[in-house]
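Only a predicted model underlies this, so the values are computations on that prediction, with no experimental measurement involved. Counting starts at 1 for both ligands and their atoms, in listed order.
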Amino acid sequence: CADGHDDHASEAHMHLPQKRAYPSVPLTPPSRPLVWGDVNIIHTTDSHGWLLGHQKPSFPEPNYSGDFGDFASFVSHMKEIALEKGVDLLLVDSGDLHDGTGLTDGYPAGGVDAHDANKFFDKLPYDVLAIGNHELYDYPNTLDIYENFAPKYPGRYLSSNVNITVAGPNGTAVSVPVGSRFAKFHTLFGRKVTALGVLYDFTGNDHNTTVQKVEAMVNETWFKEAIAEEPDFFLLAGHMPVYKDKWPFVFNAIRAVHPTTPIFILGGHTHIRDCVQLDGRSMSLESGRYMETVGFLSANLDHKNSTANITFNRRYLDPNRVTYEYHTGRGNHSFDTWLGQEITRGLNELAESYDLSYLYGTAPQDYSLSRWVSTSPEARTGTDSPSSDPYPSNGSLLTLFIEQVIPVALAINNTRAAIPNIIITNSGELRFDLYKGPFTKNDQLTASPFTDSFLYIPNVTLGVASKVLPTLNKAGANEKRSLEREEELYGRGVVDMRYRAWLEEMDRRDGEVKRAAQNLTLGYVTQDSCPGVGDDTVHAPLPYYGSPDFLSSIPPTGADDTVIDLVFINFIQDQLLGVLNGLQSEKVYADSDVLSYSPFLADEVLGLFAAEKWN
Ligand SMILES: Nc1ccn([C@@H]2O[C@H](COP(=O)(O)O)[C@@H](O)[C@H]2O)c(=O)n1
């Protein structure tokens with residue numbers, strides 16, 4: 001094994017949470033050392049609970065096999081290197097800590113999503129953290145951030161445009177920032193920083209939370225006062241994509257007062273690796289998702305009022321021990337810090353206490369969302385020829401979910417099971433591939449983490465019901481999606497289309513040629529608009545297969561006027577009612593026409609199916 005972890009390799013094949021996230025296969029090391037500057041930033045975003053690292057053996061998963069303990073050791077060593085060099089190194093997170101793995105979503109009854117997993121986050125020396133949209137879908141999660149998480153980072157957990165309503169001193173409701181609106185602090189080497197934490201215009205937030213539009217935020221008095229004094233640099237963290245979103249509102253508001261002050265923007269939300277320069281004295285970085293990327297951004301700052309371009313460098317690191325050891329000059333025996341090992345141990349204990357290795361059944365094959373996955377021996381090195389799992393197909397997780405899993409699971413103990421139905425869900429309900437072999441509670445919550453419920457409207461005619469899906473997808477929506485519709489979906493947090501477009505583009509650009517060469521492992525291949533190469537490790541891109549935004553079960557056969565149950569996931573209720581009312585004029589459907597279809601939630605159906613069919 002490339003980095004001498006043979007004795008642990010067998011652990012990586014177990015279905016239980018790993019005792020240690022050693023890569024089980026040889027990993028490609030980074031292509032070159034990092035370029036350090038006077039100011040350096042390590043960036044995480046959209047981690048969604050992936051603190052135990054990616055544990056499956058098929059590529060590209062081993063690229064991301066470092067766990068949060070490894071990351072903590074990496075950060076400690078990088079801090080030491082920064083100290084030796086006499087430069088600043090900041091640690092920044094851009095939000096979305098909730099929803100995505102068993103560690104966040106596998107909490108016992110009465111618990112709160114991510115409450116326990118977030119305790120490991122606060123063991124790291126984050127300088128600034130920003131709130132994400134997944135902190136806002138459910139009020140109890142936001143309240144937990146407000147009461148328990150933000151106070152761990154006094155003044156540094158930023159929610160510049162996000163409020164929560166809580167009980168005030170005399171019992172009256174008050175709307176207050178979830179964290180702080182802004183932070184002003186000095187770095188270790190005395191640089192003055194003004195930081196913000198901005199959320200994009202999210203509209204899917206729960207009651208008693210508010211998100212102010214970005215353009216309104218920059219007109220607030222507190223904002224104008226916060227940016228009035230010139231710092232050595234602005235640090236704009238935020239759960240907002242660096243491209244095609246509203247960073248320019250914040251950037252321009254600052255530039256109107258400080259035309260030359262350096263600005264670092266650390267964005268997130270679209271799950272992609274991206275970099276943009278809004279001018280020569282600023283750089284904006286977005287560092288992927290699911291702890292599949294750790295971003296590194298550095299700059300050599302010059303003197304006040306200088307108008308010269310600043311030299312920035314950015315890098316997208318694959319979070320694994322080979323990467324971490326390479327950049328810190330450590331070997332396998334000198335890499336782990338006490339804190340790192342404690343975090344790894346604690347995460348595994350949490351996985352155990354949540355019973356994440358509970359076995360539902362054994363998956364007969366891999367099922368993928370948009371990419372090829374295979375467990376053939378060649379796939380271990382990422383060099384076999386890809387098999388085809390587009391949607392719809394037998395290898396597509398979307399097909400399995402909508403055509404088999406949901407119909408089987410929702411029929412369990414259901415008095416309406418004999419009534420023909422059409423079931424519709426958003427494809428974003430599924431978040432990750434499902435791999436051949438033991439299918440555990442952790443795998444269930446990783447593939448489908450949301451506690452969304454299944455609802456129905458009875459007595460919809462088959463003629464109307466069968467038009468709902470094409471209308472939702474607006475036949476050919478991927479090519480011709482109307483701006484209005486895209487904005488509405490985007491506001492509710494639906495960004496899967498941006499991530500998918502990114503994967504598609506990297507495959508189209510040079511996928512076939514790079515894969516055919518068979519000398520590269522599979523992974524992300526980024527082309528952003530910043531100078532130089534961003535990916536730290538060179539890979540061949542994964543083959544990409546597109547999928548629609550919405551999925552439907554196979555419709556029953558019958559005449560157009562046959563009445564059926566129209567079943568759907570609650571996340572899409574508003575859109576579905578809108579479409580239904582546009583398709584027929586006999587009845588105006590409202591929330592009061594919607595009934596509960598099943599007690600089972602979206603984060604249970606794969607497990608129910610596996611227990612019934614995969615044993
Ligand atoms: N209850 C929910 C909440 C979200 N989704 C899906 O998640 C996507 C947004 O997540 P990001 O990580 O991209 O912010 C969105 O596309 C929804 O499809 C859901 O299904 N149910």
Side-chain angles (χ1 to χ4, degrees), residues 44-50 93-101 104-105 113-114 130-142 162 199-207 209 211 238-241 244-245 267-274 286-293 369-370 397-398 401-402 405-406 423-432 445-455 472-473 477-478 481 485-503 547-551 568-576 601-606:
T44 54
T45 188
D46 296 81
S47 51
H48 289 289
W50 283 84
D93 182 77
S94 295
D96 270 10
L97 308 182
H98 292 87
D99 304 326
T101 74
T104 43
D105 301 75
D113 190 287
I131 197 163
N133 57 305
H134 280 264
E135 277 72 79
L136 298 170
Y137 280 112
D138 295 305
Y139 181 82
N141 298 351
T142 320
V162 184
L199 179 64
Y200 78 99
D201 291 348
F202 178 49
T203 58
N205 52 307
D206 206 352
H207 299 295
T209 66
V211 181
H239 199 75
M240 179 152 73
K244 278 204 193 161
D245 211 304
H269 185 52
T270 40
H271 293 179
I272 69 173
R273 296 177 171 186
D274 204 5
E286 193 174 333
S287 303
R289 63 163 202 177
Y290 298 177
M291 290 307 287
E292 292 172 350
T293 302
L369 281 179
S370 64
L397 180 57
L398 302 164
F401 191 66
I402 196 64
V405 171
I406 300 184
I423 308 171
I424 296 184
T425 175
N426 55 316
S427 56
E429 201 67 36
L430 290 163
R431 304 278 285 187
F432 204 70
L445 294 170
T446 303
S448 178
F450 300 114
T451 50
D452 292 342
S453 55
F454 293 93
L455 309 171
L472 278 168
N473 277 327
N478 286 342
R481 180 179 285 110
R485 176 167 177 272
E486 179 151 344
E487 268 172 16
E488 194 258 316
L489 287 174
Y490 188 76
R492 299 183 67 228
V494 181
V495 284
D496 318 24
M497 57 273 208
R498 292 248 191 122
Y499 178 70
R500 293 200 300 254
W502 182 59
L503 293 181
S547 52
D549 295 335
F550 299 90
L551 312 169
F568 54 94
I569 196 102
N570 70 338
F571 190 72
I572 64 169
Q573 177 165 334
D574 294 350
Q575 284 154 283
L576 187 124
L601 303 177
D603 70 346
E604 297 171 294
V605 290
L606 276 162

Going by the atom numbers of ligand 1, which of them fall below 4.0 Å from some non-hydrogen atom of N133? 14 (O)

With a 4.0 Å cut-off, would you call R498 and D274 a salt bridge? no

Under the ring-ring contact (aromatic ring centres under 6.0 Å, His included) rule, what do Y139 and H207 come out as? Steps first, then yes or no, please. CA-CA 7 Å; Y139 181 82; H207 299 295; 9.7 Å; no

Atoms of ligand 1 less than 4.0 Å from D496 heavy atoms? 15 (C), 16 (O)

Are any of the side-chain heavy atoms of T104 and D99 separated by less than 4.5 Å? no

What are the two closest non-hydrogen atoms of S448 and A602, and how far apart are they? OG-O, 3.0 Å

Check each heavy atom of D96 against ligand 1 and say whether those closer than 4.0 Å belong to the side chain, the backbone, both or neither. side chain

Can you tell me if H48 contacts ligand 1 (heavy atom of the residue under 4.0 Å from the ligand)? yes

Applying a heavy-atom cut-off of 4.0 Å, say which part of Y137 lies close to ligand 1: side chain, backbone, both or neither. side chain

Would the distance check show the side chain of N205 and the main-chain N or O of L136 forming a donor-acceptor pair, the cut-off being under 3.5 Å? no

For H48 and H134: C-alpha separation, side-chain torsions, deciding distance, then whether ring-ring contact (aromatic ring centres under 6.0 Å, His included) applies. CA-CA 8 Å; H48 289 289; H134 280 264; 4.7 Å; yes

Is D46 close to ligand 1, meaning an N/O of one under 3.5 Å from an N/O of the other? no

Of F450, Y200, Y499, the one whose closest heavy atom lies nearest atom 6 (C) of ligand 1 is F450

What are the atoms of ligand 1, with element, lying closer than 4.0 Å to any heavy atom of D452? 1 (N), 2 (C), 19 (C), 20 (O), 21 (N)

Donor-acceptor contact present, side-chain Q573 to main-chain N570, <3.5 Å: no

With a cut-off of 4.0 Å, which atoms of ligand 1 are near a heavy atom of E429? 19 (C), 20 (O), 21 (N)

